[in-house]
Novice: 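Before I ask anything, let me first share the structure, which is written out below as structure tokens.
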Amino acid sequence: MSQSPGLLGGAALRRCIQASLSGGFSPRGKDANQNRKFIPTKCLQTAFAVLLALAQGTAQTRTPTPIRYTITLTNPTEHFVEVAIAIPPGPAQRELQLPVWNATYQIRDFAEYVLWIRARTPSGAPLPTRKLNKSRWQIDGLSQGGVVEYEVLADQPGPFGAQLNNEHAFFNFAEILMYPADARDVPMSVRFAAVPNGWHIASPLPEEQNELQAPNYDGLVDSPVELSKFQESTFIENGGHYRIVVHAAPDLCDLPRLTDTLRKIVHAETAWMQDRPFQNYLFLFHFPEDRGDGGMEHAYSTAIELSGPSLQSDPGQLASMAAHEFFHLWNVKRIRPQTLAPPDYTKENYTRALWFSEGVTSTVEQYALLQSHLIDEKGFLRNLSDEITVLQNRPAHLTQSAEESSLDTWLEKYPQYRQPGRSISYYNKGFLLGILLDLAIRRASNDEASLQELFQYLNQTYARKEKFFDDSEGIRKAAEVVSGADLSSFFNKYVAGTDEIPYDEFLAWVGLRVVAHEKTISDPGFRAARNFDLAPVVVYVQPNGNAAHAGLVPGDTLLTVDEAPVSRDYEARIAGRPVGEMLHVRVRASNGSERDLTWKLSAGKTLEYEVTEIEYPTLQQLLHRRSWLTAREAKVTHANADGGTGVLARAPFSAPSAKYRQPIHPDPAIERPSAAKGSQP
Ligand SMILES: [Zn+2]
Ligand SMILES: [Zn+2]
């Protein structure tokens with residue numbers, strides 16, 4: 001994007017330097033010497049003018065004047081934040097927009113928290129403001145510039161929120177900063193005022209004296225900021241600089257161990273991608289005592305929250321979230337579907353590709369954990385088994401496709417949408433599609449290519465050229481190039497369609513298969529759905545069941561289960577408890593009142609799927625499995641990074657394992673899943 005200062009001048013200067021280096025433009029019948037003499041002179045004049053203008057900062061360079069925000073941390077106790085936007089001279093009438101969504105694919109209407117807005121001239125005379133819709137305002141009389149001020153209530157916790165309290169300020173800027181609708185692409189700066197003593201600042205953006213610089217609004221809102229008394233550590237891995245910032249009780253965080261884990265993850269993923277399109281990257285963590293879990297990806301950072309109890313009961317979650325969010329710096333942030341580029345902050349942005357952007361990010365997360373020895377092969381296959389179990393136990397896997405689930409992401413904030421009969425998760429099915437696509441590419445190419453080559457191809461073809469792929473269709477074409485196979489049947493049946501997945505036909509390549517066991521579990525008698533890191537809401541209570549008799553009703557919010565905050569895996573924990581034991585929950589009714597309920601767990605049945613070895617695997621199958629589950633040895637040859645300024649690195653990078661350049665041999669084997677003798681569950 002055109003965000004660098006003096007862009008026109010810079011381009012003119014570059015052209016000139018090229019011209020003078022190459023000895024001038026084509027003579028075309030003119031005297032070549034004369035020509036050579038003429039162009040550099042003119043270029044020198046141009047260059048001089050450009051440099052002079054840059055030095056003087058005059059309007060001659062057509063450098064857009066930055067928009068300057070000041071965020072005053074007015075009242076941490078009551079979560080009030082004041083924002084002032086300094087608008088430079090320009091059009092008399094301008095419109096300011098506050099996004100209705102950002103990054104989380106849900107309409108969240110951040111304007112809900114705007115208390116008031118006013119505008120004035122630089123000398124202080126009031127200017128008329130007029131509301132156009134719930135998230136947009138029109139300001140008049142700005143020809144000489146002006147200041148727009150407003151107050152926001154910021155008390156949305158977690159990596160998807162914006163919060164000011166006595167402990168910290170954490171902001172996703174899209175939730176609190178309006179942008180001038182006609183100047184989203186100009187450079188922006190954010191200064192903080194009234195920062196409590198002792199608080200430090202952490203952001204992926206360049207910062208000096210509490211002021212952040214962003215190339216444009218998109219870059220600004222892709223950069224979370226934390227101000228607090230945090231702990232931190234840094235490390236360098238293959239030339240990349242990584243900063244870890246942890247805001248948590250000191251006893252909850254083992255910083256050296258966390259650093260070691262993150263180093264392994266970034267090593268595995270940059271090696272896998274043969275790429276590091278940044279110089280600096282920030283990991284931002286919160287480990288609260290009593291809240292839910294979640295992670296948010298950004299191009300140069302991630303914000304991750306994991307509750308203290310989750311961290312203690314399942315420390316592996318932290319590595320898996322970090323591996324997922326870190327891989328997003330490629331998949332979705334740079335390898336991005338066309339339908340999300342550029343984002344439209346005023347309404348839903350529909351994409352069919354979230355199964356790939358989210359689900360397949362989880363696939364790579366698991367490969368990265370395996371290759372960095374943070375999980376073992378058994379753990380990898382157990383996770384694969386669990387994901388199959390989740391999909392197969394949701395009746396909606398026969399009615400909602402992975403693409404439809406991507407489109408319907410905007411419904412996820414409604415608890416009923418999350419019912420097993422209504423929707424599948426594009427994370428869940430997308431993860432499985434990533435595994436199956438990998439196996440299909442491997443089979444078609446006889447292990448010459450894999451999901452890794454697919455991502456490297458997408459990175460070269462799209463991300464590094466600042467282009468975007470055509471949703472599922474773009475993935476299909478890329479996968480066909482790297483595998484040399486016709487994958488239309490795979491995409492029609494399992495991505496766009498709802499055919500049962502014949503897992504065994506894919507897993508046979510690596511000598512594995514799926515078996516289903518019926519299992520007795522503890523049934524709590526209700527189902528609840530969770531929206532991001534919020535507390536789960538009960539969506540179904542079994543009629544006449546123990547939960548119903550205890551007084552649980554749909555719409556209740558689960559606050560605690562067995563006297564502990566509701567963990568990510570609370571359903572599995574309940575299912576694993578002995579039948580007949582008492583379950584204790586604290587719930588909040590839709591009217592806000594809270595109550596404690598206790599009832600006896602009854603017996604339930606479920607089908608559990610397990611990925612296991614076939615009876616007599618061949619040596620070939622075992623070799624394919626080793627190839628599948630072992631890191632490809634490849635020297636990391638990082639591209640030049642861009643210094644963290646918000647622009648993708650453009651230097652060419654070598655892809656030693658770029659098998660997709662080989663001639664394409666369609667492989668009939670790839671059609672086998674589609675020609676299945678009747679699909680099986
Ligand atoms: Zn914090
Ligand atoms: Zn994700």
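One-based numbering along the sequence shown. Read the numbers this way: they start at 1 and go in the same order the structure lists the ligands and their atoms. These numbers come from a predicted model, not from an experiment.
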Novice: Give the minimum heavy-atom separation between Ala353 and Phe469, together with the two atoms involved.
Specialist: CB-CE1, 4.1 Å

Novice: Using distance alone, with no hydrogens and no angle criterion, decide if Tyr105 and Asn349 have a side-chain donor and acceptor under 3.5 Å apart.
Specialist: no

Novice: Do the side chains of Asp408 and Arg422 get close enough for a salt bridge, i.e. N-O under 4.0 angstrom?
Specialist: yes

Novice: Who passes side chain to side chain contact (heavy atoms under 4.5 Å, CB included) against Pro415, sequence neighbours left out?
Specialist: Val537, Val539

Novice: Sorted by chain and residue number, which protein N/O/S atoms are under 2.8 Å from the Zn ion (ligand 1)?
Specialist: His168 ND1, Glu226 OE1, Glu226 OE2, His247 ND1, His286 NE2

Novice: Mind listing the closest non-hydrogen atom pair of Lys429 and Ala402 along with its distance?
Specialist: CD-CB, 4.1 Å

Novice: Give me the number of protein N, O or S atoms whose distance to the Zn ion (ligand 2) is under 2.8 Å.
Specialist: 3

Novice: With no hydrogens and no angle check, just 3.5 Å: does a side-chain donor-acceptor pair link Asn428 and Glu387?
Specialist: yes

Novice: With distance as the sole criterion, is a donor-acceptor pair present between the side chains of His298 and Asp222 under 3.5 Å?
Specialist: yes

Novice: Look at the rings of Phe170 and His168 and say which category their plane angle falls in: under 30° parallel, 30 to 60° tilted, over 60° perpendicular.
Specialist: parallel

Novice: Glu112: what forms a salt bridge (charged side-chain N to carboxylate O under 4.0 Å, His left out) with it, not counting sequence neighbours?
Specialist: none

